[in-house]
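Only one structure is covered here, and it is reproduced in the block below.
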Amino acid sequence: MKDGTGRTTTVKFRLLGHMHATSGEGEEVELGPAKQRSVLAMLLSDVGEVVLADQLVDGLWGAAPPPGARGTLYSYVARLRRALHAHGVELRRHTGGYVLQVEQEQVDLHRFLRLVDEAQAVHEGPRAAALLHEALSLCRRELLVGLPGPWAAGTRTRLEQVRVAAALRYHEIQLAAGRAEEIVARIYELAMAHPLDERLAAQLMTALYQCGRQAEAVQVYEAVKENLGSRLGVAPGPDLRGVLLRVLPDRHPAAPAASAAAPHAAPHVAPMAGVHLAGAPVVGRPRQLPAALADFTGRDQALDEVVRHLAGSSEHGVGLAVIAGPGGVGKSALAVQAAHRLCQSFPGGQLYVDLHGLDPRPADPAEVLERFLRALGVHRTAIPDGLEPRAEMYRDLLAERRVTVVLDGAGGEAQVQPLLPGAPGSAVLVTSRYRLPGLPGARPWQLGMLPRHDALDLLRAIAGRERFEREPRASDELVRLCAGLPLAVRVAGARLAARPHWPVGRLAARLADPRLCLDELSHGTADVRATLAAGYRLLEEPARRLFTSLGLDGRTRFSAATAAALLGTDLPAAHDLLARLVEVCLLDAAGGDEFVMHPLTVVYARERAQAEERATARTGS
């Protein structure tokens with residue numbers, strides 16, 4: 001398709017999974033924060049059609065949008081228009097709404113729906129199976145990941161229904177063709193996600209039976225029977241009972257070999273996640289970890305220490321590691337990497353949550369427990385109300401399990417305590433800007449900046465080794481300007497990777513300008529300024545005044561006496577405020593009366609000071 005300037009647009013958009021867009025040259029298109037991406041997703045779902053502004057507001061916020069919702073929407077649209085126009089995609093204003101000018105084939109959602117529609121119109125089994133296989137390969141994972149708002153929630157549900165229906169027909173065709181071995185794992189995966197769906201259970205039983213795994217097929221029946229009875233108060237329907245009769249033609253479905261007459265005599269096979277075998281509850285095996293970083297660099301010693309500590313200490317109690325440090329230092333990356341390394345030691349599964357501890361509205365532990373309980377196989381109707389009852393159920397479910405729990409971005413001990421398992425055998429990794437000394441038995445790790453050689457290795461891994469070898473001096477300067485902060489290094493590498501025509505020296509020159517520095521250290525959702533702002537929001541007014549005063553002063557190393565002089569206060573008061581800045585990781589204690597502020601933090605502190613001076617001048621106060 002061509003835009004209004006005659007350029008051919010080749011951007012491809014992905015909605016079925018983690019939303020992203022790439023140009024024909026493989027360059028990632030910056031789509032902005034989550035709500036802005038939701039706006040784009042709504043426009044992509046109706047490409048070429050007018051999407052009214054009212055529809056976008058409703059889709060983002062529902063029936064009760066916040067004050068200023070329209071202005072926020074216009075800001076999202078303006079940013080999207082600029083980002084897309086740079087890649088030849090036009091987002092046009094139309095009466096009362098907007099039109100996104102791309103072809104449906106550029107959007108995986110529309111390709112998926114087209115393939116499903118074509119398969120429905122085909123009666124020939126092999127052809128329909130090929131179309132459905134191609135469609136299902138586009139959405140093997142969670143749909144519209146991370147997109148907020150009622151439109152995303154409703155669309156996610158509708159698409160999941162389409163996906164299940166398409167999968168059911170695909171399985172049916174393949175089972176009829178005798179290909180059970182090829183698809184049994186695929187059916188198992190989908191059945192785990194829908195443990196009350198008797199259609200999937202029937203197909204799983206049939207596939208297992210065709211593979212010669214009769215005992216496992218019986219256990220699937222018993223699992224679903226127990227689940228339906230305990231959660232919904234119903235028995236399996238005639239279709240599922242009919243499958244059991246075919247699996248065990250010489251037995252009555254009311255009394256199979258693994259029935260309640262001998263509930264613990266069933267063979268030892270892996271049960272479906274989120275279901276119950278007869279006689280004993282079996283929790284699910286959640287796999288909630290984010291992907292590990294392929295270019296994880298520079299934390300090998302800390303990684304080995306964390307893994308060894310958790311693998312060893314969990315035998316005697318809950319293994320607990322707290323990884324602390326300033327924003328952007330790589331706490332989350334280390335925790336996720338360690339959790340992946342621990343999968344074999346803790347086969348009961350992995351639970352993960354971002355606690356948003358620095359946000360104005362951090363995650364509520366009661367809501368987190370509800371999510372964890374659902375992931376462990378508890379139906380929502382069986383989850384009790386209130387923090388303590390949920391915590392008791394959670395501890396009970398994990399009492400006999402070996403699981404890894406990652407609590408990312410904790411805001412304090414009170415947010416973490418209810419989420420800790422109660423019995424030995426599990427491992428917990430907590431990340432926070434705070435050291436969290438109030439967590440009993442926790443082993444702390446304090447992360448600092450990357451050494452120069454590790455920072456350079458990370459840049460090479462992201463943007464390509466050859467570019468840095470061609471410009472060694474500019475590369476050294478770029479590393480120096482990032483000052484060892486992994487987030488800054490990652491953003492710099494991503495910006496270079498997205499701009500293969502840029503010399504390294506161009507980005508280094510822009511980072512050397514304090515007016516441009518933090519603007520350049522933003523790419524996609526990674527933003528150094530936003531990370532520093534999250535810590536600044538935690539400060540009370542006196543500590544903010546000290547922080548901005550230090551920014552105007554410009555020194556990266558100073559004494560407590562210098563801080564007291566800047567504020568015009570006594571030394572004990574200055575020490576209290578400095579301790580607060582250290583606590584939220586906007587400052588480091590260097591020993592004695594000396595303190596150190598990261599160079600990029602100094603830039604941000606100066607920005608804040610200048611912004612507040614302008615605000616004061618405008619108000620005349």
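Heads up: numbering here begins at 1 and tracks the sequence.
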- So, do H171 and Q174 sit near enough that their side-chain heavy atoms are less than 4.5 Å apart? no
- Query: If every non-hydrogen atom of W445 is compared with every non-hydrogen atom of A302, which pair is closest and at what distance?
  - Reply: NE1-O, 4.3 Å
- Query: So how far is it from R390 CZ to E388 CD, rounded to the nearest 0.5 Å?
  - Reply: 12.5 Å
- Distance col, row L60:CG vs Q36:CD, nearest 0.5 angstrom, shows 10.5 Å
- Message: Between E134 and L115 (side chain of the first, backbone of the second, donor and acceptor by atom type, cut-off under 3.5 Å), is there such a pair?
- Response: no
- Task: Indicate yes or no for a side-chain donor-acceptor contact from Q288 to the backbone of Y352 under 3.5 Å, with no hydrogens or angles considered.
- Result: yes
- Query: Is the closest side-chain heavy-atom distance between R374 and I383 below 4.5 Å?
  - Reply: yes
- Item | Side-chain donor/acceptor of H194 to backbone N/O of R199, under 3.5 Å | no
- Message: Would I462 and L458 count as a side-chain contact (heavy atoms from CB on, under 4.5 Å) here? Give the steps.
- Response: CA-CA 6 Å; I462 297 170; L458 181 55; 3.9 Å; yes
- Item | Minimal non-hydrogen separation, L136 against A167, with atom names | CD1-CA, 3.8 Å
- Greater than 12 external heavy atoms within 6.0 Å of R114's CZ: yes
- Message: Using a 6.0 Å cut-off, check whether atom CZ of R111 has over 12 heavy atoms from anything other than its own residue.
- Response: yes
- Item | Backbone N/O of A119 and side chain of R169: donor-acceptor pair under 3.5 Å | yes
- Query: Taking H87 for the side chain and A21 for the main chain, is one N or O donor matched with an acceptor at less than 3.5 Å?
  - Reply: no
- Which value, rounded to the nearest 0.5 Å, describes the distance between L429 atom CG and R443 atom CZ? 12.5 Å
- Message: Quick one: does any side-chain atom of T155 pair with a main-chain N or O of A152 as donor and acceptor, under 3.5 Å?
- Response: no
- Do L369 and L387 come close enough that some side-chain heavy atom pair is under 4.5 Å? yes
- Item | L143 backbone acceptor or donor facing R156 side chain under 3.5 Å | yes
- Passes side-chain contact (heavy atoms from CB on, under 4.5 Å), Y394 versus V368? Steps please. CA-CA 11 Å; Y394 171 71; V368 174; over 6 Å; no
- Run the side-chain contact (heavy atoms from CB on, under 4.5 Å) check on L100 and L84 step by step: do they pass? CA-CA 10 Å; L100 188 60; L84 295 172; 3.8 Å; yes
- Do NZ/NE/NH1/NH2 and the carboxylate oxygens of D408 and K331 come within less than 4.0 Å? no
- Spacing of CG belonging to L190 relative to OH belonging to Y170, to within rounding of 0.5 Å: 13.0 Å
- Query: Between the main-chain N or O of V11 and the side-chain N or O of Q106, is there a donor-acceptor pair closer than 3.5 Å?
  - Reply: yes
- Locate the shortest heavy-atom distance separating T22 from H20; write the atom from each residue and the value. CG2-CD2, 3.9 Å
- Task: Indicate whether the side chain of E30 and that of H523 have a donor and an acceptor atom separated by less than 3.5 Å.
- Result: yes
- Between K12 and V107, is any pair of side-chain heavy atoms under 4.5 Å apart? no
- Any luck finding a side-chain donor-acceptor pair between T297 and D454 under 3.5 Å? no
- Query: Atom CD in Q214, atom CE in M205: separation rounded to 0.5 Å?
  - Reply: 10.0 Å
- Identify the heavy atoms of V329 and P486 that sit nearest to each other, and give their distance. O-CG, 3.2 Å
- Task: Output the distance between atom CG (L31) and atom OG (S38), rounded to the nearest 0.5 Å.
- Result: 11.5 Å
- Min side-chain heavy-atom separation L40-L44 under 4.5 Å: yes
- P126 side chain reached by E124 side chain, heavy atoms, under 4.5 Å: yes
- Note on the structure: Looking only at heavy atoms, the pair that brings C139 and F112 closest together is SG-CE1, 3.5 Å
- Message: Do V406 and V353 make a side-chain contact, defined as non-hydrogen atoms from C-beta onward lying under 4.5 Å apart?
- Response: no
- State, to 0.1 Å, how close P236 and L240 come at their nearest heavy-atom pair, and which atoms those are. CB-CD2, 4.0 Å
- Task: Answer yes when E216 and R213 have at least one side-chain N-carboxylate O distance shorter than 4.0 Å, and no when they do not.
- Result: yes
- Message: Using side-chain heavy atoms (C-beta onward) and a distance below 4.5 Å, is V428 in contact with P421?
- Response: yes
- Just wondering, more than 12 heavy atoms not from H18 lying within 6.0 Å of its NE2? no
- Item | N/O donor-acceptor pair under 3.5 Å between D295 side chain and A461 backbone | no
- Query: Can you tell me if Q415 uses its side chain to pair, donor with acceptor, with the backbone of L355 under 3.5 Å?
  - Reply: yes
- Give the C-alpha distance, both sets of side-chain angles, the deciding distance and a yes or no for side-chain contact (heavy atoms from CB on, under 4.5 Å) between L334 and F296. CA-CA 8 Å; L334 175 59; F296 183 81; 3.9 Å; yes
